[in-house]
Amino acid sequence: MADEKQLIKVRYDKRAMLEELGVNPYPTKYDRDTMAAAVHENFEEWSAEERLVSIAGRLMTVRKMGKASFANLKDRSGTIQIYVTTDNVGADAYTIWKRLEGGDLVGVRGIPFRTQKGEISLQVREFSVLAKSLRPLPEKWHGLKDKETRYRQRYVDLIVNDDVRAVFEKRALIVRVVRNYLDERGFLEVETPILQPLYGGASARPFTTHHNTLDMKLFLRIADELYLKRLIVGGYEKVYEIGKDFRNEGMDKTHNPEFTQLELYEAYADYNTMMEHVENIMRAIAMALHGSTTITFQGRENDLGKPWTRLSFVDALSEKVGKDVLALSNDELRAAAKERHIELPDEASNGMIMAELFDVLVEPGIQDPTFVLDFPKEISPLAKERQGRPGVVERFEPYLCGMEIGNAFSELNDPVEQRRRFEAQLELRGPESEEAQQLDEDYLRALEYGMPPTGGLGIGIDRISVVFADQPSIRDVILFPQMRPETAPSK
RNA sequence: GGGCCCUUAGCUCAAUUGGCAGAGCAACUGACUCUUAAUCAGUAGGUUGAAGGUUCGAUUCCUUCAGGGCCCA
């Protein structure tokens with residue numbers, strides 16, 4: 001009597017028994033007037049006046065005796081113990097009560113009191129079945145640990161693992177802090193197309209779909225960038241969007257095929273302005289979450305109270321390689337990579353090799369909050385070249401707790417130069433490359449109307465959630481991470 | 001894509017050198033009006049991820065596949 005089918009059948013039978021007793025196992029509504037946490041907070045007052053309160057939630061543990069029972073009732077605010085006796089609810093109701101079990105959703109009306117052992121509880125006068133649960137809950141003490149089940153059936157994970165619920169509440173708070181910060185500074189929140197006829201704003205492979213009526217190929221966006229900058233041309237001056245981007249690439253603990261990105265653009269600003277925003281926003285999140293500018297990630301403390309370290313990409317890499325990397329030929333860069341056993345595709349350009357070298361030689365050493373600056377122009381086709389430093393652009397990537405969390409530029413606003421950069425990308429990567437930035441004529445037309453000098457910033461919301469919630473993987477901050485299907489996938 | 005590891009009852013986990021597949025919780029029956037991982041007495045629950053192979057005998061060894069995890073690319 002305990003394989004899963006039988007456990008479920010027993011619960012279906014109990015549902016039928018409830019119906020025989022005249023109980024609707026799925027009523028439409030229940031009027032509750034307080035929450036479990038509020039009963040704890042207001043206990044002295046409410047127990048003194050013997051206030052009758054009503055709460056609703058899920059039965060988590062049930063301790064039944066012959067004519068009296070205790071159970072823990074959990075709602076989104078917390079847990080409260082309830083005390084059900086024949087004396088208080090009547091014998092008929094107690095018969096119904098005895099049919100209930102862990103997992104069931106119930107509403108109770110009762111009076112706050114303290115048990116002999118001192119636990120704040122509700123003395124139940126009346127209860128209602130609100131939804132019969134037909135599946136057994138995981139073990140009450142050890143919870144649900146299996147990662148596969150936790151990700152596939154997040155609803156069960158959330159029922160039993162309070163720390164998981166807390167992670168997603170932190171994530172929501174992070175997004176709220178970001179919105180407040182930008183709204184207070186006059187940024188306009190906008191929505192731009194997710195379905196795009198051309199994809200751009202990043203180097204990544206897209207998901208492709210098809211629109212039936214227009215009979216055309218469409219792409220799921222890989223970035224919001226080019227649409228948001230059109231809005232800067234349009235005169236909004238300060239815009240942001242928080243939304244999903246989609247990249248048809250690998251999955252690991254820092255990558256999910258769909259992820260949430262903040263992008264913001266500010267006219268008459270540059271990448272230095274964006275650094276200030278990053279420092280301010282991260283500090284505000286730390287204060288909101290921890291009440292302190294010091295955060296701990298995977299056992300290591302980081303202070304967000306100070307200005308972030310500035311680290312030059314080309315200088316740091318040149319130091320590691322022992323030569324000015326901007327002055328090296330493709331062959332010399334390849335030799336440097338080969339020395340370090342880095343495999344490269346045949347068509348790798350100088351910039352791509354430098355990026356590979358950076359990932360291996362420099363990035364692992366980044367621990368403190370750091371802005372990596374001075375990226376090679378060739379791998380930054382949307383960023384403005386740095387004055388007096390040819391080959392290098394005004395771009396930075398913020399690193400928080402060793403993790404790359406975003407990307408920012410002084411935006412390239414010269415339409416002539418932008419066209420050259422697009423063309424250079426296509427030439428570098430080849431016209432067939434899905435990763436090359438596409439030549440977007442309408443975007444160039446917009447630039448021709450004139451875009452003010454602009455600073456732009458993208459921040460990965462999932463990545464910063466990993467850091468601030470101190471989680472090991474992006475899958476732990478995404479409610480429903482991408483998984484292979486349980487049954488054979490459709491192809 | 002490559003390497004390593006994991007998959008045993010609904011959940012959390014055991015199982016000696018290859019020798020009868022177990023425990024706790026959950027469930028079921030009974031007792032019980034202050035329990036809180038309730039307690040007490042009893043009952044039941046397994047295609048050991050799937051398919052093949054080696055063997056007298058496979059949860060255990062081998063192969064393939066599926067799903068998951070970690071590391072690397």
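We name chains A, B, ... by the order of the sequence lines, and we start the count at 1 in each one. Here the structure is a predicted model, which is why all the values come from computation and not from measurement.
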| said: How close do A:Ile159 and A:Lys74 get, counting heavy atoms only, and between which atoms? | reply: O-NZ, 2.9 Å
| query | Do A:Arg395's NZ or CZ and the ring of A:Phe375 fall within the cation-pi criteria of under 6.0 Å and 45°? | reply | yes
| Listed nucleotide nearest any side-chain atom of A:Phe70, set B:rA27, B:rU35, B:rA37 | B:rU35
| Between C1' of B:rG10 and CG of A:Asp157, the distance in whole Å | 16 Å
| message | Given B:rU33, B:rC25, B:rG67, identify the nucleotide with an atom nearest to the side chain of A:Glu139. | response | B:rC25
| task | Might you point out which heavy atoms bring A:Leu373 and A:Tyr271 nearest each other, and give the distance in Å? | result | CD2-CE1, 4.4 Å
| 5'-most contact on RNA chain B: A:Pro472 or A:Thr85, nearest heavy atom basis? | A:Thr85
| For A:Lys64, which contact category applies under a 4.0 Å heavy-atom criterion: base, sugar-phosphate, or nothing? | base
| message | How many whole angstroms separate atom CE of A:Met251 from atom C1' of B:rG1? | response | 15 Å
| said: For B:rA15, give the paired nucleotide (Watson-Crick: N1-N3 plus N6-O4 or O6-N4; G-U: N1-O2 and O6-N3; both under 3.5 Å), or none. | reply: none
| field | Whole-Å gap separating P (B:rA37) and CZ (A:Arg63) | value | 7 Å
| task | Starting at atom NE2 of A:His142, determine the distance to atom C1' of B:rA23, rounded to an integer number of angstrom. | result | 12 Å
| Mind checking who B:rG46 pairs with, Watson-Crick or G-U wobble, both distances under 3.5 Å? | none
| said: Heavy-atom count check: over 12 atoms from other residues, nucleotides or ligands less than 6.0 Å from A:Lys14 NZ? | reply: yes
| query | If you measure from the C1' atom in B:rG45 to the same atom in B:rG10, how many Å do you get, rounded? | reply | 10 Å
| B:rC70 phosphate, OP1 or OP2: any side-chain N/O from A:Arg475 under 4.0 angstrom? | yes
| A:Arg114 CZ - B:rU35 P separation (whole Å) | 16 Å
| query | B:rA23 and B:rC34: how far apart are their P atoms, nearest whole angstrom? | reply | 31 Å
| Reckon A:Lys14 touches a base, only the sugar-phosphate, or nothing at all at heavy-atom distances under 4.0 Å? | sugar-phosphate
| said: Looking at A:Arg484, I'd like to know whether one of its side-chain N or O atoms comes within less than 4.0 Å of OP1 or OP2 on B:rG68. | reply: yes
| Pair partner, B:rA26 [Watson-Crick or wobble, under 3.5 Å] | none
| said: Partner lookup for B:rU63, please. Criteria are Watson-Crick or G-U wobble with both distances under 3.5 angstrom; report none if nothing qualifies. | reply: B:rA51
| said: Any side-chain N or O of A:Lys147 below 4.0 angstrom from OP1/OP2 of B:rC6? | reply: no
| Considering only heavy atoms and no angle criterion, is a donor-acceptor pair shorter than 3.5 Å present between the side chain of A:Glu119 and the base of B:rU35? | no
| request: Figure out the CG/P separation between A:Asp252 and B:rG3, and round it to whole Å. | output: 18 Å
| Atom-to-atom span, CD of A:Glu4 to P of B:rA26 - whole angstrom | 18 Å
| Can any side-chain N or O of A:Arg247 pair as donor or acceptor with the backbone N or O of A:Arg221 at less than 3.5 Å? | no
| message | Quick check for you: among B:rC34, B:rG67, B:rC11, whose closest atom lies nearest to any side-chain atom of A:Met65? | response | B:rC34
| request: Answer yes or no: does a side-chain N or O of A:Lys67 lie under 4.0 Å from OP1 or OP2 of B:rC32? | output: no
| note | Comparing A:Gly143 with A:Gln482, nearest RNA chain B nucleotide closer to 5' gives the residue A:Gly143
| Nearest-Å distance once atom P is located in both B:rG68 and B:rA73 | 22 Å
| message | Determine whether the aromatic ring centres of residues A:Phe246 and A:Phe219 are separated by less than 6.0 angstrom. | response | no
| task | Report yes if at least one side-chain N or O of A:Lys140 is closer than 4.0 Å to OP1 or OP2 of B:rU12; otherwise report no. | result | no
| Euclidean distance for C1', B:rG19 against B:rC25 (whole angstrom) | 30 Å
| said: Need one value for A:Tyr151: base, sugar-phosphate or nothing, where a base atom within 4.0 Å counts as base even if backbone is also close, heavy atoms only. | reply: sugar-phosphate
| said: Looking only at the side chains, is there a donor atom on one of A:Tyr399 and A:Thr309 sitting less than 3.5 Å from an acceptor on the other? | reply: no
| said: Please classify the nucleic acid contact of A:Arg152 as base, sugar-phosphate, or nothing, using heavy-atom distances under 4.0 Å. | reply: sugar-phosphate
| field | Nucleotide paired to B:rU35 in any strand shown, Watson-Crick or G-U, under 3.5 Å | value | none
| What nucleotide among B:rC70, B:rC34, B:rC28 has an atom nearest to a side-chain atom of A:Val10? | B:rC28
| task | Considering only atom P, compute the distance from B:rU17 to B:rU35 and round it to an integer number of Å. | result | 46 Å
| field | Over 12 foreign heavy atoms within 6.0 Å of CD, A:Gln298 | value | yes
| P spacing across the pair B:rU16 / B:rC11, given as an integer number of angstrom | 23 Å
| note | Winner on side-chain proximity to A:Asp146, out of B:rC34, B:rC28, B:rU12, is B:rU12
| request: Searching all strands shown, indicate the nucleotide that pairs with B:rU8 (Watson-Crick or G-U wobble; both distances under 3.5 Å). | output: none
| said: Once you apply a heavy-atom cut-off of 4.0 Å, does A:Asp87 come out as touching a base, just sugar-phosphate, or nothing? | reply: base
| What is the nucleic acid contact for A:Phe113, judged by heavy atoms within less than 4.0 Å: base, sugar-phosphate only, or nothing? | base
| request: Determine the interatomic distance between C1' on B:rA9 and the same-named atom on B:rG46; round to the nearest Å. | output: 6 Å
| So how far is it from A:Asn302 CG to A:Thr296 OG1, rounded to the nearest 0.5 Å? | 8.0 Å
| task | Could you check which nucleotide pairs with B:rG1 in any of the strands shown, counting Watson-Crick or G-U wobble with both distances under 3.5 Å? | result | B:rC72
| Can you find a donor-acceptor N/O pair under 3.5 angstrom joining the side chain of A:Thr86 to the base of B:rU33? | yes
| message | If I take atom CG in residue A:Asp3 and atom P in nucleotide B:rA9, what distance separates them, rounded to the nearest angstrom? | response | 11 Å
| query | Between B:rG22 and B:rU39, how far is it from one P atom to the other, in whole Å? | reply | 24 Å
